[in-house]
Amino acid sequence: MEPKIRGAICMNAHPKGCAEETRRQIRWTQDYFSHHKASKKLERVLVIGASTGYGLASRIAAAFGYGAATIGVSFEKEPSEKRPATPGWYNTRTFDEEAKKAGIPALSFNGDAFSNEMRAKVGDALKSLGGPADLVIYSLASGVRTDPADGTLYRSALKPLGEVYKAKSVDFINGRLGEVEIAPATEEERRATVKVMGGEDWRLWIDYLGAQGLLAPDVKTVAYSYIGPEVTHAVYREGTIGSAKKDLEETAKGLNKELSASGGGAYVSVNKAVVTRASAVIPVVSLYISLLFKVMKQKGVHEGCIEQMVRLFSQRLYGSNEAMPVDTEGRIRIDDWEMREDIQKEVSSLWEKVDDENIDELADLAGYREDFLKIHGFSVPGVDYDAEVDFLNI
Ligand code: NAI
């Protein structure tokens, strides 16, 4: 079975490859915590957006690092005899199996996290697991959201605001450099993006669980954000998606005020740029990530999703410091190594120099491609890609 790639999207997923890649993250976590004892046991952790990328890695850290019973919510296509499922479906099956083997309770829901029905299901699931959540991770990346209040469908856009954005970009499959030009978003597109990726739905979750008595007094809730370098600001931080992320940050401040009254807290964690299904489709970001990987690998500080999330749990959320280390805006910064001055300086000097001739030498395109294939279950060591594939099983 071969990957079918169209643009920055891989249309299929290899069941065994996804399973093996999920198991690798579990093994990595178990190995880490066999050398670094977890500071506490977590009872129940809810991860919204739990099947791929940062959400899956968070769930693995919670379960296999902190012994938590986990509830995972995701939205994945199921397989048929003719078509494979989306990668997160296989990842979730594997997670559930491995958790069962380890004797760690896990409940997984496949459906729309933006709906009130899903909130009710998760509420019941928490009750069946014996009580409130210690931690709620919000890791959704979605292009659409139906507002449960009135049924309106909103679509997010990845566009700059105010001005046309032009920048270098790479087709990471054929390695060819080009230039992208993106017209600015309308105010309606900006607002729709805030509706989809801003903080409204996160607040609905926390309000619902709070009203049901399903948040532990010292509950922590964390949503993920990204800031990144100057070169991507116009299309990311200062674009439509950045507008949504700023809304998420405002939501964190409001929630934090309420939850801290009983010893809890709400945070945005600014994570490092990594290759996920969500980040692969953001123009310009793939070139930046390829250059960043080159520099971070050279300096020995490269991390993927699991390394980032284990560091977030062990050195921020449940670290040895009395107070959570945050920046002046109250955000957790686990993008600290990515944003180090020496690293950013080198990446921007490579950004200036990179051209069609030297791209293979200056950028880690091979590493980018490899990660992209792996998140779809391809190019995973130990998997026989010549063997017959059963889409219905892992
Ligand atoms: P991803 O595409 O790997 O994961 C998205 C998750 O959301 C999946 O589990 C998917 O099933 C779930 N999902 C999407 N729509 C849903 C719906 N309607 N109902 C239920 N589940 C749904 O994305 P990634 O990159 O892990 O993103 C997660 C968060 O991390 C996002 O907020 C993103 O902005 C943030 N982040 C990502 C970075 C990156 O470089 N990838 C960097 C920093 C932050």
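The structure displayed is predicted, hence computed values, not measured ones. Indexing begins at 1, ligand by ligand and atom by atom, following the structure's order.
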### Task
Indicate yes or no: does Glu20 engage Arg23 in a salt bridge with an N to O separation below 4.0 Å.
yes
### Message
Between Lys297 and Asp364 (salt bridge meaning N to carboxylate O under 4.0 Å), is one present in this structure?
### Response
yes
### Message
I'd like to check whether Phe75 has a polar contact with ligand 1, where a contact means an N/O of the residue lying under 3.5 Å from an N/O of the ligand.
### Response
yes
### Query
Relative to the heavy atoms of Ala273, which atoms of ligand 1 are at a distance of less than 4.0 Å?
40 (O)
### Query
For the ring pair Tyr66 and Phe33, is the centre-to-centre distance below 6.0 Å?
yes
#### Entry: Salt bridge present between Glu346 and Lys294 (N-O < 4.0 angstrom)
no
### Query
In the protein, what heavy atom is nearest to atom 23 (O) of ligand 1, and what distance, to one decimal place, separates them?
Ala278 CB, 3.4 Å
### Query
Which option out of Gly111, Ala223, Gly143 puts a heavy atom nearest to atom 20 (C) of ligand 1?
Gly111
### Message
Does ligand 1 come near enough to Asp112 that some N or O of the ligand is less than 3.5 Å from an N or O of the residue?
### Response
yes
### Query
In the protein, what heavy atom is nearest to atom 1 (P) of ligand 1, and what distance, to one decimal place, separates them?
Thr52 OG1, 3.4 Å
### Region of Thr276 engaging ligand 1 - heavy atom pairs below 4.0 Å
side chain
### Query
Nearest protein heavy-atom contact for atom 42 (C) of ligand 1: which residue, which atom, what distance?
Lys272 O, 3.2 Å
### Query
If you count the atoms of ligand 1 from 1 in the order shown, which ones are under 4.0 Å from a heavy atom of Ser142?
15 (N)
### Query
Numbering the atoms of ligand 1 from 1, which are under 4.0 Å from a heavy atom of Ser51?
8 (C), 9 (O), 10 (C), 11 (O)
### Nearest neighbour in protein (non-hydrogen) for atom 31 (C) of ligand 1
Leu140 O, 3.5 Å
### Query
Should Arg24 and Glu21 count as an ion pair when the cut-off is N to O under 4.0 Å?
yes
### Task
Pick, from Lys77, Lys245, Met118, Gln308, the option with the minimum heavy-atom distance to atom 34 (O) of ligand 1.
Lys245
## Note on the structure
The residue among Asp201, Asp112, Asp207 that forms salt bridge (charged side-chain N to carboxylate O under 4.0 Å, His left out) with Arg119 is Asp201
### Query
Among Arg311, Lys272, His302, which residue meets the side chain to side chain contact (heavy atoms under 4.5 Å, CB included) test with Trp337?
Arg311
### Task
Provide, to 0.1 Å, the distance between atom 19 (N) of ligand 1 and the closest protein heavy atom, together with that atom's residue and name.
Ala113 N, 2.8 Å
### Task
Check ligand 1 against Phe114 and write out every atom of the ligand that is under 4.0 Å from a heavy-atom position of the residue.
18 (N)
### Those atoms of ligand 1 less than 4.0 Å from some heavy atom in Gly53
3 (O), 26 (O)
### Task
Before accepting this row, confirm whether a basic side-chain N of the pair Lys246/Glu249 lies closer than 4.0 Å to the acidic partner's carboxylate O.
no
### Message
I need the atoms of ligand 1 closer than 4.0 Å to a non-hydrogen atom of Ala50, numbered in the order shown.
### Response
9 (O)
### Message
I want to confirm something. Looking only at heavy atoms, which of Tyr236, Phe109, Tyr54 is nearest to atom 36 (N) of ligand 1?
### Response
Tyr54
### Query
Among Tyr224, Trp202, Tyr138, Tyr226, which one has a heavy atom closest to atom 30 (O) of ligand 1?
Tyr224
### Task
Please lay out, stage by stage, how Asn271 and Tyr226 fare under the test side-chain contact (heavy atoms from CB on, under 4.5 Å).
CA-CA 6 Å; Asn271 299 345; Tyr226 184 64; 5.9 Å; no
### Mode of Glu76 contact toward ligand 1 - side chain, backbone, both, neither (heavy atoms, under 4.0 Å)
side chain
### Task
Considering heavy atoms of the protein only, find what lies nearest to atom 12 (C) of ligand 1 and give residue, atom and distance to 0.1 Å.
Gly49 CA, 3.8 Å
### Task
Identify whether the distance between the nearest side-chain nitrogen and carboxylate oxygen of Glu188 and Lys195 falls below 4.0 Å.
no
### Message
On a heavy-atom basis, which atom in Gly123 and which in Tyr208 lie closest, and how many Å separate them?
### Response
CA-CE2, 4.4 Å
#### Entry: Residue Ser225 vicinity, atoms of ligand 1 by number, heavy atom under 4.0 Å
43 (C), 44 (C)
## Note on the structure
Per-atom filter on ligand 1: closer than 4.0 angstrom to a heavy atom of Ser139 are 5 (C), 6 (C), 7 (O), 28 (C), 29 (C)
### Message
Closer than 4.0 angstrom, basic N to acidic O: yes or no for Glu117 and Lys121?
### Response
no
#### Entry: atom 14 (C) of ligand 1 - nearest protein heavy atom and its distance
Ala141 O, 3.2 Å
### Query
Are Leu214 and Ile206 joined in one hydrophobic group, where the rule is that I, L, V, M, F, W and Y side chains link up if heavy atoms are under 4.5 Å apart?
yes
### Summary
Heavy-atom proximity to atom 39 (C) of ligand 1, picking from Val274, Asn91, Leu56, points to Val274
### Task
Sequence neighbours left out, what passes side-chain hydrogen bond (donor to acceptor under 3.5 Å, both in side chains) with Asn174? Give chain and number order.
Asp171
